[in-house]
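So that the names make sense, note that chain A is the first sequence line, chain B the second, and so on, each numbered from 1.
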There are 2 protein chains.
Amino acid sequence: MNGKELEERSFIEDIAMFCEKMGLPRMAGRVLGMLLISEPPSQSLNDICERLQASKSSVSTMARLLVGEGLIEPAPCLMPRRDYFKFRNGGWLEFMRRRMETMAALHAIADRGLELLDGKDESLKERLEEAHAVFEFVDSEFHGWLYRMEQRGRRKS
Amino acid sequence: MNGKELEERSFIEDIAMFCEKMGLPRMAGRVLGMLLISEPPSQSLNDICERLQASKSSVSTMARLLVGEGLIEPAPCLMPRRDYFKFRNGGWLEFMRRRMETMAALHAIADRGLELLDGKDESLKERLEEAHAVFEFVDSEFHGWLYRMEQRGRRKS
DNA sequence: CTAATCGTTCTGTAAATACCGAACGATAAG
DNA sequence: CTTATCGTTCGGTATTTACAGAACGATTAG
């Protein structure tokens, strides 16, 4: 394995570890990592299996998982009878959007907590009011934020 | 168990499931959940064990984990020879800050990927340029964002 | 000193997870 | 029709994880 290939491996593995931290299986990260630097961008399941030295079953499953996450998408078949995938345009934005939504869920939970402390001393409520504030802020700020990111993306393409 | 207690349980469990989605053990979420609605805010390990019907070992471990996450902190002992904990002021902000930092790590990884495609066609680089843009944006926007959140918090207290 | 009680840590166990290989159904080639 | 080659799915295995219980050292009360 030459130097270039090693660097690519290293990149793929970094993406894999990043994905792992984000709660995805490491193998999903590897598939994604490959599709981020592959040439051409569209690769068949077999290509991926071979390159990653991983089993068909894993790659097939992880590919569909990543499609579900909005990070990759099916691509036109270059060879007949083969499933191709490529990184999905705007995939990272979608990824961030979903993460933020998960975070923002705490907003509603905090409200329910506040109801439980209804009538109690204000000092007791501070903890949940912070949660309320932070995640309401996340929720609101984030939308304009996504909008600006999308604009920025649109200018490029 | 009366209705109030059931609602509290439900709240605690919601926090637990939220924490689980964020990659923390469910039990850590339960400890946190309890410290978000406890009266008084400071509770001893024993109090927590009893309330959650969980083992000393779990609660002890999870408490230290949450301290490490910046979500709770040791509190003055109300009873002698007991460790007290309470939700940490600004804990949620700190929590968000760390999550965002983890996300922003992709910024650097994307750059390394771009180096691998150096000299290649621009169309090949788009994927990683998106990653670069999104997470550079996350990184930069987020700081002003935190600042404004903190200001907002300061106004309250 | 002895006994009790605290928090930590080690060990064990049940459950979840990641991954692979094999079996399978579908489709296309010979 | 037969065979080869897809992708999916099922079953098994090894690893990891969450949690509890027991053992331990430290501290305080009697």
**Request:** To the nearest Å, give me how far apart CG (A/Leu65) and C1' (D/dT8) are.
**Result:** 15 Å
**Request:** Walk along DNA chain C from 5' to 3' and tell me the first and last nucleotide with an atom closer than 4.0 Å to a non-hydrogen atom of chain A.
**Result:** C/dA18 to C/dA28
**Message:** If you assign A/Val59 and A/Arg81 each to the DNA chain C nucleotide with the nearest heavy atom, which residue ends up on the more 5' nucleotide?
**Reply:** A/Val59
**Asked** Can you check the B/Met27 CE to D/dG21 C1' distance for me, whole Å?
**Response** 13 Å
**Request:** Round to the nearest Å and state the distance from B/Arg82 atom CZ to D/dT28 atom C1'.
**Result:** 13 Å
**B/Leu36, B/Ile37, B/Leu66 screened by side chain to side chain contact (heavy atoms under 4.5 Å, CB included) with B/Phe87, the one that passes** = B/Leu36
**Request:** Report yes if at least one side-chain N or O of B/Ser55 is closer than 4.0 Å to OP1 or OP2 of D/dG21; otherwise report no.
**Result:** no
**Asked** When the ring planes of A/Phe135 and B/Phe18 are compared, do they come out parallel, tilted or perpendicular, using 30° and 60° as the limits?
**Response** perpendicular
**Request:** In whole angstrom, give the distance that lies between atom CZ of A/Arg64 and atom P of D/dC10.
**Result:** 10 Å
**Request:** Answer yes or no: is there a side-chain heavy-atom contact under 4.5 Å between A/Met27 and A/Ser55?
**Result:** no
**Request:** Respond yes when some side-chain nitrogen or oxygen of B/Arg30 is under 4.0 Å from OP1 or OP2 of D/dC19, and no when none is.
**Result:** yes
**Message:** Over the length of the helix from C/dC1-D/dG30 to C/dG30-D/dC1, how much do the five-pair end axes diverge, rounded to 10 degrees?
**Reply:** 10°
**Asked** Nearest 0.5 Å, what's the CE-CG distance between A/Met62 and A/Leu24?
**Response** 9.5 Å
**Request:** Select base, sugar-phosphate, or nothing to describe what A/Met62 touches, counting heavy atoms under 4.0 Å on all strands.
**Result:** sugar-phosphate
**Request:** Please step through salt bridge (Lys or Arg N to Asp or Glu O under 4.0 Å) for the pair B/Glu7 and B/Lys4, ending with a clear verdict.
**Result:** CA-CA 5 Å; B/Glu7 280 179 48; B/Lys4 181 81 171 186; over 6 Å; no
**Asked** Around atom CD of B/Glu50, are there more than 12 heavy atoms of other residues, nucleotides or ligands at under 6.0 Å?
**Response** no
**Message:** Nearest whole Å is fine: how far is D/dA18 C1' from B/Lys56 NZ?
**Reply:** 19 Å
**Request:** Mark yes or no for whether B/Glu130, through its side chain, and A/Gly90, through its backbone, hold a donor-acceptor pair below 3.5 Å.
**Result:** yes
**Asked** Rounded to whole angstrom units, what separation is found between the CG atom of A/Leu45 and the P atom of D/dT9?
**Response** 12 Å
**Message:** What is the separation between atom CG on B/Leu66 and atom P on D/dA18, rounded to the nearest whole Å?
**Reply:** 13 Å
**Message:** Measuring to OP1 and OP2 of D/dC6, would you say a side-chain N or O of A/Asn46 lies under 4.0 angstrom away?
**Reply:** yes
**Message:** When you measure from the side chain of A/Arg88 to the backbone of A/Gly70, do you find a donor-acceptor pair of N or O atoms at a distance under 3.5 Å?
**Reply:** yes
**Prompt:** Are more than 12 heavy atoms from other residues, nucleotides or ligands located less than 6.0 Å from atom CE of B/Met17?
**Reply:** no
**Asked** Any side-chain N or O of A/Ser60 under 4.0 Å from OP1/OP2 of D/dT8?
**Response** yes
**Request:** Starting at atom CD of A/Glu20, determine the distance to atom P of D/dT15, rounded to an integer number of angstrom.
**Result:** 16 Å
**Prompt:** D/dA20, D/dA18, D/dT28: which one has an atom nearest the side-chain heavy atoms of B/Ala54?
**Reply:** D/dA20
**Request:** Find out whether B/Leu128 and A/Phe11 are in side-chain contact, i.e. whether some heavy atom of one side chain is under 4.5 Å from a heavy atom of the other.
**Result:** yes
